[in-house]
Amino acid sequence: MSQETLRHNDCMNFLAVDVTKGICRRTNELVLIDSEVCGSFTTLPKCKNCAFFKENGQETIGTCTAEKTQPWTFQDLIAVTCEMYAENK
Amino acid sequence: MSEKSVGVQEVTRSLADILQEKGIPISFQYGKAPEEMVDREVSREPTPRAKKLRDLYFNTYSSVDLEFPYWYTRKYMELDNEVPIVRRALALKSAFSHLTPSIYPGELLVMGKAHYYRGSFPMPWLSESFYVAKEDELYQEALKRGSASAGELSKFGAGGGNVTKSFGNVVSIAGKFGIRSEEVPALIKLAKQWVGKSVEDLGHKYEMMVPEYELKEKLMRSLICMFDSGFTLPQGREVINYYYPLQYGFDGLIELARKRKAEVAGNADGDGVKGMDRLYYYEAVIHVIEGLQKWILNYAREARRLAGITTDPSQKKEYEEIAETLEWIAHNQPRTFREALQLTYTLHIAVLNEDAISGMSPGRLGQVLWPWYEQGTEAGHLSREKVLELLECHRVKFTCIDCFASTGVVGGVLSGNTFNNLSMGGLTKDGNPASNDLEKLIIDAAMSLQSPQPTLSVLYDEKLPEDFLLKAIECVKTGTGYPAWMNNQGGIQFLMGQYGSEGMTIPEARAIAIGGCLETSPCTWHPLTLNGKKYWVPGGAGQPTSVGVHFIANPKILECVLFNGYDHRLKEQIYPPHNRRLETYGDVWEVYKQYYEMTVDALNKCNNIQHDIWRKNNMTVINSFLKPDCLEKGQHIGNMGYRYNATFNVESCGTINMVNSLAALKKLVYEEKKYTLDQMREAILENFGFKTAHEVGSFSLFSQVKKAGGEKYDKIHSDCLLANKYGNDDPFVDHILREYEEWFCEMCHNYESLYARPLYACQISVSTHGPQGAATLATPDGRLAGTTYADGSMSAYPGTDRNGPYALFNSATVWDHTRSQNSQLNLKIHPSAVKGLEGSRKLLELTRAYMRRGAFHIQYNIVDSKVLRDAQAHPENYRDLLIRVAGFTQYWVELGKQIQDEVIARTEYEQV
């Protein structure tokens with residue numbers, strides 16, 4: 001993923017407040033989701049960052065291949081609690 | 001007089017101007033207010049920690065994410081053919097287990113409905129049609145991506161934290177919630193998975209089989225009825241019960257369920273219909289508790305992670321304490337006040353995540369938590385200051401709770417409020433005053449934090465101590481609008497009447513608490529043991545009271561009577577034509593009752609089907625292990641596992657406009673024969689010569705503007721306005737109210753819920769007096785088309801109560817309030833009228849006087865109307881202004897304009 005497409009809510013240091021902003025855990029300041037990320041960006045587990053995520057041609061929607069049934073999922077689903085998550089290398 | 005040119009030669013004259021010219025004595029004030037704007041007398045500051053957390057709320061948009069519905073749906077769809085309750089429990093378990101934990105700096109109490117600070121989510125298994133119908137619109141909004149400026153994103157004014165329109169990468173849903181545009185495709189996909197399967201769709205399929213279905217649909221279109229309770233808010237306006245986890249801990253409950261499972265497996269035990277269901281129930285309870293434990297422990301793990309990366313030693317310690325608290329309560333009975341408070345809050349949001357719920361009340365929380373408070377303070381390891389700080393944090397968490405429901409419900413009915421009503425006072429099981437020191441601290445926290453949730457209610461009883469009552473009065477004077485005052489003895493009488501056949505006794509009825517705004521709810525006592533000492537704690541024991549026939553627009557039915565069942569707004573025949581000439585007042589009243597009964601009959605049958613679908617496929621599992629006697633019986637809510645099931649009701653709205661209109665008809669048409677009914681009909685259709693409220697952009701009567709040439713109706717309009725009005729101790733009109741109430745309260749009992757129990761009367765308006773007024777033509781009492789009805793059920797129409805509060809009280813109590821679940825009276829009082837200790841005592845005496853007349857409820861807005869006008873003009877300066885609406889307190893800026901106009905217009909009492 002290119003730096004331009006990264007958003008603050010893709011970062012592990014980001015604590016979501018609402019759909020526009022959150023708190024940066026490093027600075028304790030409010031930051032807008034859609035503003036440019038900094039050099040301390042750390043990838044947050046999301047489906048789009050998972051090795052089991054397979055795009056299926058639909059915008060933002062994909063498939064979870066970790067399960068036999070291959071259910072659909074979506075790119076921005078946070079996966080910190082998903083036991084099947086495996087970060088894309 | 002305000003004048004401005006509108007078009008050629010047209011002069012805008014408001015009704016207020018016209019009345020002033022004519023010298024007609026209608027005023028918004030009883031007494032004389034000071035010229036200058038007067039602030040509320042009592043004002044306090046919260047602790048720095050709670051203030052910071054509340055200020056973050058002020059700066060937060062109501063936000064939606066899809067974690068819960070995604071994981072719920074994914075699991076549910078996997079489990080085709082599983083037993084419904086187990087399928088639902090496993091879906092809930094998956095959803096709770098996967099929620100992302102968010103812990104905010106400074107929080108002492110943690111966890112939330114969703115991972116945003118003020119987060120919520122849609123429940124397409126209840127209702128999905130809105131998203132499917134809006135698919136194109138939502139997609140278009142999502143495609144309009146852009147980089148919104150920081151200024152745009154942080155602008156909070158009218159609307160407060162509501163996302164009233166889309167901007168940047170945020171899409172507005174229902175003018176209230178924001179969702180990230182990149183999640184919109186997933187929202188639509190989720191919704192489509194529930195097409196034909198949701199409670200809404202399945203309920204619709206079967207409700208169409210009701211012969212009266214066509215009438216029901218017309219009633220909904222005309223807004224005679226406000227909403228389908230079966231799939232919009234299937235639970236709520238009830239009192240939660242925290243007892244079992246507080247007594248046994250989650251591990252203890254799993255052990256109990258496992259034991260019972262082994263006992264009941266394969267045994268019908270004499271019940272050939274439901275006996276075998278017990279196995280599946282206990283299995284479901286175990287699954288769902290395991291899901292809750294996982295959810296709590298995910299937060300604990302996050303707290304440990306944060307403690308590991310935080311450099312600030314005090315914040316690190318706080319994270320560690322959070323982790324320890326959560327790790328303990330995930331398994332065990334709480335040991336400390338903080339653990340008990342955290343567990344009750346966790347249970348509360350667990351229940352709220354299970355269903356679309358409004359009005360899940362914590363009940364008498366100060367009495368439930370008393371054992372931990374008492375033992376903690378006696379042992380010296382719990383200070384009042386610490387408790388106050390925790391209670392303020394508790395208020396912030398409750399204020400962050402949002403209820404995601406459809407537009408009409410969230411805006412039109414709820415005004416975005418969630419009605420988590422905390423009751424105080426009342427009596428103990430053996431009839432002694434139940435108020436305690438912890439309840440005083442709850443009031444202190446409410447006074448200092450100034451937030452809408454939880455709203456507070458005093459169960460007023462003559463036995464309650466004066467210092468407690470004065471403390472509550474002091475809180476009212478801060479302008480919070482709470483506590484509301486409910487008549488404890490009246491409520492007990494109602495409970496005995498409605499639930500006596502289900503085994504309610506007087507000692508049990510003393511456990512009474514308020515669910516939602518002011519819904520008297522059946523509760524019970526349980527023996528809680530802490531460190532070997534036994535306490536009797538109260539808690540909810542009944543089904544929701546948010547269910548049944550909700551809300552009926554009384555003036556709109558009268559309109560249909562006058563126009564032979566026809567709705568001129570929709571241009572549609574709603575009721576079958578009665579074809580009567582209505583030659584006597586008795587004829588009008590008779591047809592009114594007939595139409596009303598047809599309304600309740602049709603709506604009740606259809607709602608029964610919706611709720612039946614809900615109980616079969618979407619039954620509560622969490623509430624069904626919290627509420628007695630589910631665990632004992634092994635039955636969920638749908639199998640009547642709850643102790644009290646006769647909770648369905650008929651809710652009315654606009655009673656006072658209907659009563660005033662009947663009085664005007666009786667006087668002007670039938671007694672004095674000053675006008676014919678046809679002349680009255682013509683004046684109504686012509687809106688007495690005024691423009692519509694929508695054209696004017698205000699929903700208050702006195703702001704309405706005359707049409708050019710509208711003078712033709714001046715005479716009849718002033719006669720209608722001057723006809724006898726409720727609220728003045730006038731027997732002519734009060735008799736009409738009494739006749740209506742005696743009929744209405746009795747009539748409701750003629751209808752039966754799906755649980756084969758009689759319905760009863762519920763008389764609150766919440767916010768429906770705005771939209772239902774908007775759908776109603778002018779009324780014979782002189783109210784103009786589209787303007788808001790009088791609020792509540794016992795509040796006078798603004799400006800028409802001219803003889804002071806005691807005259808209003810006499811009018812309001814001509815009928816027996818114990819025959820109804822509630823009644824509702826809102827009074828707006830200028831701060832200068834209740835100044836100082838003397839003012840507090842006067843306000844308490846005023847309250848007592850009303851209660852002693854047998855009334856059920858009163859609540860106060862202590863505010864200068866000039867402040868409200870300024871707040872309407874400059875919302876950006878009033879983010880924290882609280883106002884009482886009708887059974888709930890809300891931030892002024894989060895209210896719709898209809899309701900703001902109505903609150904401004906209410907009569908302001910300058911003396912009590």
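All chains are named by letter (A, B, ...) in the order of the sequence lines, taking the proteins before the strands, and each is independently numbered beginning at 1.
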- Note on the structure: Of all heavy-atom pairs linking B:Arg180 and A:Asp34, the shortest is NH2-OD1, 2.8 Å
- Item | Side chain / backbone / both / neither for B:Gln315 at chain A, heavy atoms under 4.5 Å | neither
- Report the distance from atom CZ of B:Arg305 to atom CZ of A:Arg25, rounding to the nearest 0.5 Å. 6.5 Å
- Message: Any salt bridge linking A:Glu83 with B:Lys294? Criterion: basic side-chain nitrogen under 4.0 Å from a carboxylate oxygen.
- Response: yes
- Below 4.5 Å from any heavy atom of chain A, which atoms of B:Leu306 appear? Answer side chain, backbone, both or neither. side chain
- Side-chain heavy atoms of B:His115 within contact of A:Ile78, under 4.5 Å: yes
- Taking every heavy atom of A:Glu59 against every heavy atom of B:Pro185, the minimum-distance pair comes out as O-CB, 3.7 Å
- Query: If only atom types and distance count, is the side chain of B:Lys189 paired as donor or acceptor with the main-chain N or O of A:Trp72 below 3.5 Å?
  - Reply: no
- Message: When you compare the side chain of B:Phe177 with that of A:Val19, does any pair of heavy atoms fall below 4.5 Å?
- Response: no
- Should the heavy atoms of other residues, nucleotides or ligands under 6.0 Å from CD of A:Gln58 be counted, would the total exceed 12? yes
- Query: With a 4.5 angstrom heavy-atom cut-off, which part of A:Thr73 approaches chain B: side chain, backbone, both or neither?
  - Reply: both
- Query: What closest approach, in Å, do A:Thr81 and B:Ser97 show between heavy atoms, and which atom pair accounts for it?
  - Reply: CB-O, 3.6 Å
- Looking only at heavy atoms, what is the nearest atom pair of B:Tyr116 and A:Val17, with distance? CB-O, 3.6 Å
- For A:Asn9 and B:Glu182 the tightest heavy-atom approach is ND2-OE2, 4.2 Å
- Query: Under a 4.5 Å heavy-atom cutoff, which of A:Gly22, A:Ala79, A:Cys64 has the most pairs with chain B?
  - Reply: A:Cys64
- Message: For A:Val80 versus B:Pro101, what's the shortest heavy-atom pair and its separation?
- Response: CG2-CD, 4.3 Å
- Query: Are any non-hydrogen side-chain atoms of B:Met77 and A:Pro71 less than 4.5 angstrom apart?
  - Reply: no
- Does A:Leu15 reach the side chain of B:Ser102, with side-chain heavy atoms less than 4.5 Å apart? yes
- Message: Can you confirm whether A:Leu30 sits close enough to B:Asn59 that some side-chain heavy atom of one is under 4.5 Å from a side-chain heavy atom of the other?
- Response: yes
